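Written below as structure tokens is the structure these notes are about.
Every value quoted in this text rests on a predicted model; they were computed, and no experiment measured them. All residue numbers in this chain count up from 1 along the given sequence. For ligands, and for the atoms within them, numbers begin at 1 and follow the listed sequence.
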Amino acid sequence: MSLIPFNKPYLTGKELHNVAAAHGHGQLAGDGQFTRSCNRWLEQRTGTRKALLTHSCTAALEMAAILADLQPGDEVIMPSYTFVSTANAFALRGAVPVFVDIRPDTLNLDERKIEAAITPRTRAITPVHYAGVGCDMDAIMGIAERHGLLVIEDAAQGVLARYRDRPLGAIGHLGAYSFHETKNIISGEGGALLINDPALADRAEIIREKGTNRSQFFRGQVDKYTWVDIGSSYLPGEIIAAFLWAQMEEADAITAGRLAIWQRYHEAFESLERAGRVRRPVVPDDCGHNAHLYYLLLRDLDDRTAFINQMNQAGINCVFHYVPLHSSPRGRAAGRVKGSLPVTTDLADRLVRLPLWLGLEAEQERVIMTVTALLER
Ligand SMILES: *Cc1c(COP(=O)(O)O)cnc(C)c1O
């Protein structure tokens, strides 16, 4: 019996052709033809003012933290149920992650709990669109406006997903995407920063180019190319952009294929949910998700541990997700918790993710049969 892996990177078949073309162009550093195509695609698909490829979503979040001009002790509100980079990008600037609980339905930052966490030091809110399902961005943008805060969307999982017909990542002041091989559209490692607030666009370019005004120089806007701000090297080389461009050209088909797999799981597990055995993902009506991942909520930690072990024994690799950051060593030392986080603590113990990748179709029935047989007992 063949092993069904949790993830398998999907290749369109055009990646190596593009990589060879990039090599042929004779420019392998960043911001060549393929990078420009990728940036333009992101701008056209999201309506953002400016999109800049980065070498990861982590890098895009770090750029956002520099753009936010955070001072040591400034606070950033975010969920604890997220990937490390959401908090680490701000901790690098000496800022304090303030962890707020998530909603029990979408597992996204609970907008009703944000205002109680705001203090005079709060500078930004970082919503994370878990599983490519949008946070309640209207509520979050309203809170940010009332309190003069920046909104930085961690849309790592949100490429081509929408909230009320607006693309995730293009709603806040800044948005960060990931093209890591575990995401929907991939380049191995890769990411992008969406600069939705035009006031931040020029500085974003400078931060990405080691703190220099190189981009303005090449556009003829300044006559000297020099060091003008802090920054780092956040741009990917052309090989990465060439690879990514092949994926972007097929992004709609990739998303449609993933949605079909997601939907098949969702229908297959409806009766388990009706029997009270599992809880399936909840997608609010105003969210168009992108099938980034499929999860089930089991009864408790023991139930999940047993389930993952039994699935592995059956040759199907399933995994849990985040260890909540407020309970991690660095999160405890560098972050603050607003209230207790009962939903985060509970759901993080019970969530299991099932394999979801293009090509799984042929074996998906085996996954469904195995899950059903295990949980119907
Ligand atoms: C994947 C992910 C990241 C990190 O993305 P990289 O491109 O690997 O840096 C950050 N936040 C969330 C929510 C993610 O899922």
Side-chain angles (χ1 to χ4, degrees), residues 6-7 9 38 42 51-66 76-92 97 99-100 102-103 106-109 124-135 137 140 151-161 163 168-169 171-172 174-194 208 232-237 240-241 243-244 247-248 258 281 287 289-295 319-326 328 330-331 335 344 347-348 351 353 356-357:
F6 171 69
N7 183 51
C38 292
L42 288 166
L52 294 172
L53 282 198
T54 57
H55 48 72
S56 63
C57 178
T58 300
L61 290 167
E62 289 176 16
M63 284 180 64
I66 297 174
V76 180
I77 291 171
M78 64 183 67
S80 165
Y81 189 69
T82 182
F83 187 63
V84 176
S85 299
T86 317
N88 187 68
F90 300 101
L92 273 173
F99 299 116
V100 166
I102 50 174
R103 288 166 46 146
T106 57
L107 282 57
N108 281 333
L109 187 61
I125 305 172
T126 300
V128 178
H129 305 296
Y130 186 66
V133 175
C135 296
M137 289 305 291
I140 291 170
V151 174
I152 299 163
E153 296 177 71
D154 182 338
Q157 304 176 13
V159 177
L160 292 186
Y163 165 83
L168 302 187
I171 305 169
L174 296 162
Y177 281 163
S178 174
F179 305 116
H180 186 263
E181 78 164 15
T182 52
K183 301 302 199 290
N184 289 19
I185 309 297
I186 63 170
S187 56
E189 304 281 351
L193 182 67
L194 305 191
R208 180 167 164 272
S232 189
S233 180
Y234 288 121
L235 68 169
I240 292 285
F243 191 109
L244 182 60
Q247 298 259 323
M248 284 182 169
R258 296 183 69 98
C287 291
H289 75 106
N290 61 1
H292 173 59
L293 59 88
Y294 197 86
Y295 67 83
V319 299
F320 58 86
H321 220 171
Y322 308 121
V323 173
L325 296 181
H326 77 283
S328 68
R330 186 69 202 186
T344 300
L347 299 187
L351 184 140
R353 297 186 288 161
L356 202 175
W357 37 271

Just which atoms of ligand 1 are under 4.0 Å from any heavy atom in H180?
8 (O)
Between ligand 1 and G190, can you find any atom pair, the residue atom being a heavy atom, that is separated by under 4.0 Å?
yes
Identify, for atom 9 (O) of ligand 1, the protein heavy atom at the shortest distance, and state residue, atom and that distance.
T58 OG1, 2.5 Å
For V128, the ligand 1 atoms whose distance to one of its heavy atoms is below 4.0 Å
13 (C)
Within the distance-only criterion (no hydrogens, no angle test), does the side chain of E181 pair as donor or acceptor with the backbone N or O of P9 below 3.5 angstrom?
no
Passing option when Y130 is tested against H321, H289, H292 for ring-ring contact (aromatic ring centres under 6.0 Å, His included)
H321
In this structure, atom 11 (N) of ligand 1 is nearest to the protein heavy atom D154 OD2, 2.8 Å
Tell me: protein heavy atom nearest atom 1 (C) of ligand 1, and distance?
K183 NZ, 1.6 Å
Is it the case that ligand 1 has an N or O less than 3.5 angstrom from some N or O of T82?
no
Heavy-atom pair of closest approach, residues R103 and L109
CD-O, 4.0 Å
Got P97 and L325 here, is their nearest side-chain heavy-atom distance under 4.5 Å?
no
What protein heavy atom lies closest to atom 3 (C) of ligand 1? Include the residue and the distance to one decimal.
F83 CD2, 3.6 Å
Got E62 and Y234 here, is their nearest side-chain heavy-atom distance under 4.5 Å?
yes
Tell me, which protein residue and heavy-atom name are nearest atom 15 (O) of ligand 1, and how many Å apart are they?
Q157 NE2, 2.8 Å
Near C57, which atoms of ligand 1 are under 4.0 Å from a heavy atom of that residue?
4 (C), 5 (O), 6 (P), 7 (O), 9 (O), 10 (C)
On a heavy-atom basis, the closest approach of L244 and S187 is CB-CB, 3.8 Å
Correct closest heavy-atom pair for I152 and P127 would be O-CD, 3.3 Å
CZ (F320) with more than 12 external heavy atoms under 6.0 Å
no
In the protein, which heavy atom is nearest to atom 12 (C) of ligand 1, and how far is it?
A156 CB, 3.3 Å
Side chain, backbone, both or neither: which part of Y322 comes within less than 4.0 Å of ligand 1 when only heavy atoms are counted?
side chain
